[in-house]
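Some notes on the structure that comes next.
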2 protein chains.
Amino acid sequence: MGTKDQTNTGQHDRVLDELGTRITSGEFPPGHTLRIEQLETRFTASRSVIREAIRVLESMGLVTSRRRVGVTVAPRTAWNLFDPRLIRWRLNGTDRPALLLSLGQLRHGVEPAAAALAAHHATPEQCGTLTGAVMQMAVHGRSGDLHAYLDADILFHRTLLAASGNEMLAALADVVAEVLKGRTGHDLMPAHPEPAAIRWHAEVAQAIQARDPHAAERAMRDIVDEATRATQHPPA
Amino acid sequence: MGTKDQTNTGQHDRVLDELGTRITSGEFPPGHTLRIEQLETRFTASRSVIREAIRVLESMGLVTSRRRVGVTVAPRTAWNLFDPRLIRWRLNGTDRPALLLSLGQLRHGVEPAAAALAAHHATPEQCGTLTGAVMQMAVHGRSGDLHAYLDADILFHRTLLAASGNEMLAALADVVAEVLKGRTGHDLMPAHPEPAAIRWHAEVAQAIQARDPHAAERAMRDIVDEATRATQHPPA
DNA sequence: CTCACCCTAAAGGTATGATTAATTGGCCGT
DNA sequence: ACGGCCAATTAATCATACCTTTAGGGTGAG
């Protein structure tokens with residue numbers, strides 16, 4: 001004891017965030033080994049707290065813990081890159097551009113497939129949400145309100161992934177949302193969004209309502225490809 | 001040695017596996033709350049062990065822990081479905097068919113895209129590994145050694161995903177491997193694998209070596225579609 | 001009768017002592 | 001002189017005692 005905590009609840013989360021950030025940023029490179037006693041003093045926390053954080057990092061594949069050796073930072077190939085916490089740490093770090101490219105290519109594969117499935121499984125409510133989101137995008141795209149545009153864009157993609165009826169695809173909604181947010185937040189968007197993008201969104205919504213999987217898939221592919229292209233070649 | 005060592009020396013992993021299985025199987029349904037003291041006696045383990053397991057489950061989104069109330073099982077929408085451990089638990093549970101369908105649809109989107117990227121980025125070593133894996137599949141497919149066939153199949157897909165040059169796609173290798181293992185381990189494979197599957201694998205390897213993204217993508221799509229179809233209509 | 005405040009105990013969170021396993025280095029046998 | 005085996009050391013792992021928070025009921029004033 002002795003040290004007064006400035007944060008009442010969340011010793012564990014504090015240490016976990018700190019460690020995760022240090023590791024993903026490269027301050028603790030793969031192969032480097034840490035001793036838990038050293039971490040106790042570094043973060044002024046007890047072994048329980050450190051150990052629980054280490055256990056979580058281990059479950060993410062970030063580190064491996066071996067007796068008599070210490071906690072070793074694992075090679076990047078062992079990392080569980082789909083963990084939302086890990087994605088957040090990396091989006092705040094230096095390899096943000098590379099990560100956005102990787103996520104764009106992932107979307108290229110996933111979202112058209114989800115659109116095709118949604119053409120089969122979407123409920124009337126979901127169709128309504130999709131068309132509503134497109135209208136919001138059109139309105140705020142013309143007025144230049146990028147924040148409202150972003151919200152509608154996120155709603156559109158989240159609804160579409162949920163409408164696929166596939167829980168794994170639906171689970172990717174948070175990842176896609178992070179990508180969209182990252183694009184707007186780092187000035188990778190023009191002052192007025194590409195009119196073609198809005199048109200493609202409308203095409204997807206229409207195709208899904210018309211139960212046309214092929215058209216939905218193709219239009220969605222156009223959306224994602226344009227988005228990835230725009231991310232790689234910023235307008236500014 | 002087919003499956004990864006699950007019997008690692010450690011109380012922690014045992015408790016984690018037990019709890020994860022119970023939760024995913026529905027024995028502890030969402031909304032149900034557990035007390036740590038109760039779990040201590042149930043698993044004859046100490047508080048630290050239980051707590052560390054709980055912390056890992058919490059990081060997977062399976063449970064939330066609140067003071068004075070206990071550990072509450074989270075709704076399924078909060079679960080981090082891409083965690084390999086969670087996938088393994090669910091593949092051993094009752095909703096295995098539905099999960100295999102979801103994963104098949106995911107592969108349908110992801111693996112063809114990875115094949116197309118691999119046609120651009122694959123190194124000569126990776127091309128060699130791919131063709132080698134195909135040869136192993138042909139040999140063991142004819143001899144009926146399903147275990148060796150499985151290893152070669154996993155190696156093929158893992159190498160292809162790595163060759164895409166995209167870390168997110170490469171990270172899905174464990175997921176795909178779990179699907180393939182699950183298929184063989186639960187007698188969803190015929191005694192001799194589909195000859196067409198082996199031919200398509202060979203086509204993918206050839207197309208990648210020839211730097212033909214479109215052909216690679218199409219052949220890979222054939223592979224995944226056949227695999228999903230086969231898992232939905234078991235031969236037995 | 002209702003509401004607000006406080007007070008208690010129940011349960012998770014934290015800190016530290018005890019245990020076990022694995023690496024290192026020295027010693028003995030060949 | 002070289003290689004394998006044993007023990008001493010070290011750091012993770014396990015166990016337990018203590019602290020902090022908060023749900024939920026009880027009490028008193030309005």
Side-chain angles (χ1 to χ4, degrees), chain A residues 1-20 22-23 28-75 78 85, chain B residues 4-20 22-23 28-74 78 85:
Chain A
M1 274 274 302
T3 53
K4 276 288 186 178
D5 314 331
Q6 47 184 353
T7 53
N8 273 347
T9 65
Q11 287 267 80
H12 171 83
D13 290 326
R14 194 200 87 222
V15 173
L16 181 58
D17 254 29
E18 278 274 347
L19 269 175
R22 306 269 171 113
I23 291 175
F28 298 142
H32 187 250
T33 90
L34 310 151
R35 288 181 300 286
I36 162 169
E37 189 182 6
Q38 157 196 22
L39 295 172
E40 279 183 54
T41 62
R42 191 118 149 64
F43 297 108
T44 55
S46 79
R47 277 210 298 291
S48 311
V49 173
I50 305 289
R51 271 183 57 68
E52 284 167 21
I54 292 293
R55 272 313 219 281
V56 172
L57 292 174
E58 191 176 31
S59 93
M60 294 192 213
L62 280 185
V63 302
T64 59
S65 188
R66 289 170 50 201
R67 277 198 142 114
R68 170 66 186 175
V69 152
V71 178
T72 309
V73 178
R85 224 182 299 233
Chain B
K4 277 200 171 181
D5 44 344
Q6 198 155 329
T7 56
N8 255 356
T9 59
Q11 295 261 90
H12 171 83
D13 290 327
R14 179 181 63 89
V15 173
L16 181 59
D17 254 30
E18 278 273 348
L19 269 175
R22 306 271 171 112
I23 292 176
F28 298 142
H32 188 249
T33 88
L34 311 151
R35 291 189 308 285
I36 283 191
E37 189 184 23
Q38 158 194 22
L39 295 173
E40 281 182 52
T41 62
R42 193 115 149 62
F43 297 107
T44 56
S46 165
R47 204 181 175 78
S48 314
V49 173
I50 303 288
R51 274 183 60 56
E52 284 166 22
I54 293 291
R55 272 307 213 276
V56 172
L57 291 174
E58 192 176 32
S59 93
M60 293 192 212
L62 281 185
V63 301
T64 59
S65 186
R66 286 170 53 202
R67 285 190 168 203
R68 173 63 188 177
V69 71
V71 178
T72 309
V73 178
R85 223 182 302 231

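Note on naming: letters A, B, ... go to the chains in the order of the sequence lines (proteins, then strands), and numbering restarts at 1 for each one.
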Taking the side chain of Arg67(A) as heavy atoms from C-beta outward, which of dC14(D), dT14(C), dT20(C) is closest to it?
dT20(C)

At under 4.0 Å between heavy atoms, what does Ile50(A) touch on the DNA or RNA strands: base, sugar-phosphate, or nothing?
nothing

Picking from dA15(C), dT23(C), dT13(D), the nucleotide nearest the side-chain atoms of Gln11(A) would be dA15(C)

Find the distance Arg51(B):CZ to dT16(D):C1' and express it as a whole number of Å.
14 Å

Ser48(A) vs dT14(C): side-chain N/O to OP1/OP2 distance below 4.0 Å
no

Rounded to the nearest angstrom, tell me the gap between atom CG in Leu39(B) and atom C1' in dG12(C).
12 Å

Tell me the interatomic distance from Ile36(A), atom CD1, to dT16(C), atom C1', rounded to whole angstroms.
12 Å

So which one's nearest nucleotide on DNA chain D is more toward 5', Glu40(B) or Val69(A)?
Val69(A)

Comparing Arg47(A) and His12(A) on DNA chain C - which has the more 5′ nearest nucleotide
His12(A)

Whole-Å distance between dG12(C) P and Leu57(B) CG?
14 Å

Judged by atom type as modelled, is there a donor-acceptor pair below 3.5 Å linking the side chain of Thr41(A) to the main-chain atoms of Gln38(A)?
yes

Checking side-chain contact (heavy atoms from CB on, under 4.5 Å) against Val49(A), which of Arg14(A), Gln11(A), Glu40(A) comes through?
Gln11(A)

How about Glu37(A): does its CD atom have over 12 heavy atoms from other parts shown lying under 6.0 Å from it?
no

Out of dT20(C), dT22(D), dT16(C), which nucleotide sits closest to the side chain of Arg68(B)?
dT22(D)

Among dT23(C), dA12(D), dT13(D), the one nearest Arg66(A) by side-chain distance:
dT23(C)

Write down the distance between CZ (Arg35(B)) and P (dT22(D)), rounded to a whole number of angstrom.
20 Å

Integer-rounded Å distance: dT14(C) C1' and Asp13(A) CG:
14 Å

